[in-house]
Amino acid sequence: MTIPRQLPNAITIARIPLAIVFFILLLLGGMLGSADLALRWAAAIIFVVGISTDWVDGYLARRYEIVSDFGKLWDPIADKLLTGAGFVGLAILGEAQWWMVVIILIREWGITIHRLMIANEHVVAAAWMGKVKTVVQGVTLSWALLPFWLLIGEQAFTLVTLVLMWAVVLLTVASGIDYVAAQLRGARRAR
């Protein structure tokens, strides 16, 4: 079976408008409160589908040996847009602590901007710790977005969400340190 060479990149790019639609639905659902839980469900489902495509495009690119510099660069950008929209949306709605979101966003966008700045020299693919961080972010956001509080109660839901958010913050900081250390090692070798 062959697939179009641009399919993984098209899936990556599709996450960008999905992030915008997701963010709007999340905020609308939060502003309307429990009166319109359908918007919250829609936002959560769009997020879960969107974040799942991160695995799909990577799998297709590796499986069919069509990994591209475009994909290496834009895949993390699309991920940051989607997860960033989730974290910011939850903070706006008062469901995530702003200080945690700010730490996550500084690391995410700082490294993304660095990747863009050095893209002409070389493309930096995500390291294993960054991939683990992205998975944990996706799981945490999926949990926080889906209205599980209806099943387990508000207190239990809030506690699990807080524990998951702490895991995200710790992994985000650790993977950021790992990225900076790898870049410094690479710069020393280049000299």
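Just so it is clear, the structure is predicted and the values come from calculations on it, not from any experiment. By convention here, the first residue in the shown sequence is residue 1.
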Non-hydrogen side-chain atoms of [X] and [Y] separated by less than 4.5 Å:
| X | Y | value |
| --- | --- | --- |
| Leu82 | Phe22 | yes |
| Gln137 | Ile51 | no |
| Met117 | Ile113 | yes |

Practice item. State whether the side chain of Arg62 and the backbone N or O of Gly58 hold a donor-acceptor pair below 3.5 Å, judged by distance alone. Key: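 Present.
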Review point. Is there any side chain to side chain donor-acceptor pair (under 3.5 Å) pair reaching into residues 84-95, and which pairs are they, with sequence neighbours excluded?
Key: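 Matches after skipping sequence neighbours: Arg40-Glu95.
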**Study point:** Pairs where residues 48-58 contributes a residue and the test side chain to side chain donor-acceptor pair (under 3.5 Å) is met, not counting sequence neighbours
**Key:**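 Sorted result for residues 48-58: Thr12-Asp57, Arg15-Thr53, Arg15-Asp57.
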Pairs meeting criterion salt bridge (charged side-chain N to carboxylate O under 4.0 Å, His left out) with involvement of [range], two or more places apart:
| range | value |
| --- | --- |
| residues 157-174 | none |
| residues 96-109 | Lys80-Glu108, Glu108-Lys133 |
| residues 167-181 | none |

Review point. Nearest 0.5 Å, what's the CG-CH2 distance between Asn9 and Trp74?
Key: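 Going from CG on Asn9 over to CH2 on Trp74, the span is 11.0 Å.
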Show me, pair by pair, the donor-acceptor contacts under 3.5 angstrom made by side chains of residues 83-94, not counting sequence neighbours?
residue, atom, partner, partner atom, Å
Thr83, OG1, Asp79, O, 2.9

Practice item. Only counting residues at least two apart or in another chain, list the ones meeting side-chain contact (heavy atoms from CB on, under 4.5 Å) with Val132. Key: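 Expected list: Trp128, Val136, Leu171.
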**Study point:** Residues that Leu60 engages under side-chain contact (heavy atoms from CB on, under 4.5 Å), provided they are two or more places apart
**Key:**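 Listed in chain order: Ile3, Leu7, Pro8, Ile11, Val56, Tyr64.
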Check your understanding: Do Leu141 and Trp98 sit in the same hydrophobic cluster, where Ile, Leu, Val, Met, Phe, Trp and Tyr count as joined when their side-chain heavy atoms come under 4.5 Å apart?
Key ->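 Cluster IDs for Leu141 and Trp98 match.
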**Study point:** Counterpart residues, side-chain hydrogen bond (donor to acceptor under 3.5 Å, both in side chains), relative to Thr140 (two or more places apart)
**Key:**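 Scan of Thr140 (side-chain hydrogen bond (donor to acceptor under 3.5 Å, both in side chains), adjacent residues dropped) gives none.
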Under 3.5 Å, which donor-acceptor pairs do the side chains of residues 146-168 form with other protein atoms, sequence neighbours left out?
residue, atom, partner, partner atom, Å
Thr158, OG1, Glu154, O, 2.8
Thr161, OG1, Trp143, NE1, 2.9
Thr161, OG1, Phe157, O, 2.8

